[in-house]
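Keep in mind that what you see is a predicted model, and the values were worked out from it rather than measured. Atom set for the values below is all heavy atoms of this structure, side chains included, hydrogens, waters and symmetry mates excluded. Lettering follows sequence order; numbering is per chain, from 1.
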2 protein chains.
Amino acid sequence: MGKQLERARERMKTSGFKMTPKRLDLLGYLFEANRYVSAREVAEELRLSHPSLSYDTIYRNLNDFAAIDILETTELDGEMKYRAACVSGTHHHHLICRSCGKTETLDVCPMEWLGPVNESGFEIEDHKFEIYGRCAACLKN
Amino acid sequence: MGKQLERARERMKTSGFKMTPKRLDLLGYLFEANRYVSAREVAEELRLSHPSLSYDTIYRNLNDFAAIDILETTELDGEMKYRAACVSGTHHHHLICRSCGKTETLDVCPMEWLGPVNESGFEIEDHKFEIYGRCAACLKN
DNA sequence: TGACAAAACGGAATAATTACGTCTTACATA
DNA sequence: TATGTAAGACGTAATTATTCCGTTTTGTCA
């Protein structure tokens with residue numbers, strides 16, 4: 001039984017989410033995939049075992065899980081993509097393959113390099129740093 | 001007559017785009033706004049003077065202009081936002097206000113700090129570095 | 001000025017995402 | 001193990017952003 005799943009169960013319990021067969025399968029798929037996937041991909045996969053699964057359920061679960069840090073999200077190519085949160089737990093960024101969604105982790109963060117950039121009174125809430133391209137596997141077609 | 005508009009006319013001519021009253025107004029609005037705006041905002045503004053303006057026309061022009069670097073784009077809050085390209089011409093990044101879309105320019109780029117990150121054969125095509133928050137003006141409500 | 005390619009129109013299609021009212025189920029508790 | 005209840009799931013429909021396409025209008029240049 002994966003460490004990721006253990007962690008997910010804990011967080012769900014803490015936050016008052018129940019585990020259901022669908023949620024288990026959704027998490028299983030994402031932990032296995034280990035890349036950014038779209039809601040549509042999730043739907044296509046999970047409907048093999050749960051033919052009536054609705055998008056409402058898929059989006060609700062994906063967003064709920066992202067809210068409790070079981071998943072990470074990014075907006076890419078006009079749609080939201082979801083992946084298992086990196087186990088490291090520490091702040092990090094990604095190289096993201098545009099073909100398959102696989103990622104490589106960058107353990108550095110440009111915010112650390114920047115001096116105080118808010119002289120003007122800008123209040124920083126968040127940031128995004130992502131590198132896009134093609135992974136070695138996809139380059140070989 | 002603005003330098004930005006001169007530059008836009010040049011680029012349009014070079015790329016074979018015709019200037020029309022609507023395009024002129026669209027550019028005027030964006031050059032004046034000087035912040036990220038959505039297609040909807042553009043539509044609402046331009047329809048004051050061109051009531052029948054269609055979204056097709058708006059999106060076509062916005063994307064055409066972005067393609068020839070008269071505009072910059074970013075994907076934010078589930079939609080595409082457009083703004084006048086920064087005149088500097090040099091590569092840069094932005095702090096973006098989530099309330100009003102105004103930006104502050106960061107002249108540094110994290111890619112310069114990163115050593116070679118593509119040891120694994122990942123081919124870098126592009127990157128995105130944006131800082132989100134509230135600008136001083138919006139903080140005062 | 002006239003011809004022609006580009007631009008705009010307009011309305012409908014597509015695609016992602018969310019809302020909502022109802023039915024079902026996981027799970028704590030007895 | 002049975003059961004009550006709040007959470008989850010359903011499913012359909014609404015919303016919203018974006019694009020497509022066939023037709024009409026318009027800028028530009030000879």
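At the heavy-atom level, B:Pro51 lies nowhere under 4.0 Å from the strands shown. Among the protein residues, A:Asp64 comes within range of no part of the nucleic acid, since none of its heavy atoms lies under 4.0 Å from any strand. Residue B:Asn63 is in sugar-phosphate contact alone, with no base atom involved, counting any heavy-atom pair closer than 4.0 Å across all strands shown.
Looking at A:His93 and A:Glu104, their side chains never bring a donor and an acceptor atom within 3.5 Å of each other. In the model, B:Ser49 has no side-chain atom that pairs as donor or acceptor with a side-chain atom of B:Lys22 under 3.5 Å. For the residue pair B:Thr103 and B:Arg83, a side-chain donor N or O sits within less than 3.5 Å of a side-chain acceptor on the partner. Side chains of B:Arg23 and B:Thr20: a donor-acceptor N/O pair is absent below 3.5 angstrom, by distance only. For the 3.5 Å distance criterion, the side chains of B:Glu112 and B:His91 fail to qualify, holding no donor opposite an acceptor.
Annotation: of the two residues near DNA chain D, B:Tyr55 and B:Thr20, the 5′-most nearest-nucleotide partner is B:Tyr55. In terms of position along DNA chain D, the nucleotide closest to B:Tyr59 lies nearer the 5' end than the nucleotide closest to the other residue of the pair B:Met19 and B:Tyr59. Take the nearest nucleotide of DNA chain C for A:Asp56 and for A:Arg40: the residue whose nucleotide is more 5' is A:Arg40.
For the pair B:Ile70 and B:Arg7, the tightest heavy-atom approach, listed with the atom from each and the gap, is CA-NH1, 4.4 Å.
Taking only side-chain nitrogens and oxygens, A:Arg60 never comes nearer than 4.0 Å to OP1 or OP2 of D:dG8. Between D:dA9 and A:Arg23, a contact under 4.0 Å exists linking OP1 or OP2 to a side-chain N or O. Residue A:Ser52 places at least one side-chain N or O under 4.0 Å from the OP1 or OP2 atom of D:dG11.
Comparing D:dG27, D:dA17, D:dG8 by their closest approach to the side chain of B:Glu79 singles out D:dA17.
Taking the 5' to 3' direction, DNA chain C first and last meets chain A under 4.0 angstrom from a heavy atom at C:dA16 to C:dC27.
In this entry the distance linking NE2 of B:His50 with P of D:dT25 reads 18 Å, nearest Å. At whole-Å resolution of the value, CD in A:Glu75 and C1' in D:dA17 are 12 Å apart. In this structure, CZ of B:Phe17 is placed 14 Å from P of D:dT28, rounded to the nearest angstrom. A:Met12 places its CE atom 11 Å from the C1' atom of D:dA7, with the value rounded to the nearest Å. What separates CZ of A:Arg47 from C1' of D:dA9 is a distance of 13 Å, to the nearest Å. Atoms NZ (A:Lys13) and P (D:dA6) sit 19 Å apart, rounded to a whole Å.
Proximity of a side-chain donor or acceptor of A:Glu41 to a complementary backbone N or O of A:Ser38 within less than 3.5 Å is detected. Judged by distance alone, with hydrogens and angles left aside, the side-chain atoms of A:Thr57 form no donor-acceptor pair with the main-chain N or O of A:Leu53 at under 3.5 Å.
To the nearest 0.5 angstrom, A:Leu26 atom CG is 7.0 Å from A:Leu71 atom CG.
A salt bridge links B:Lys81 with B:Glu79: the distance from a Lys NZ or Arg NE/NH1/NH2 to an Asp or Glu carboxylate oxygen falls below 4.0 Å.
Recorded end-axis angle for the helix from C:dT1-D:dA30 to C:dA30-D:dT1 stands at 30°, based on five pairs per end and rounded to 10 degrees.
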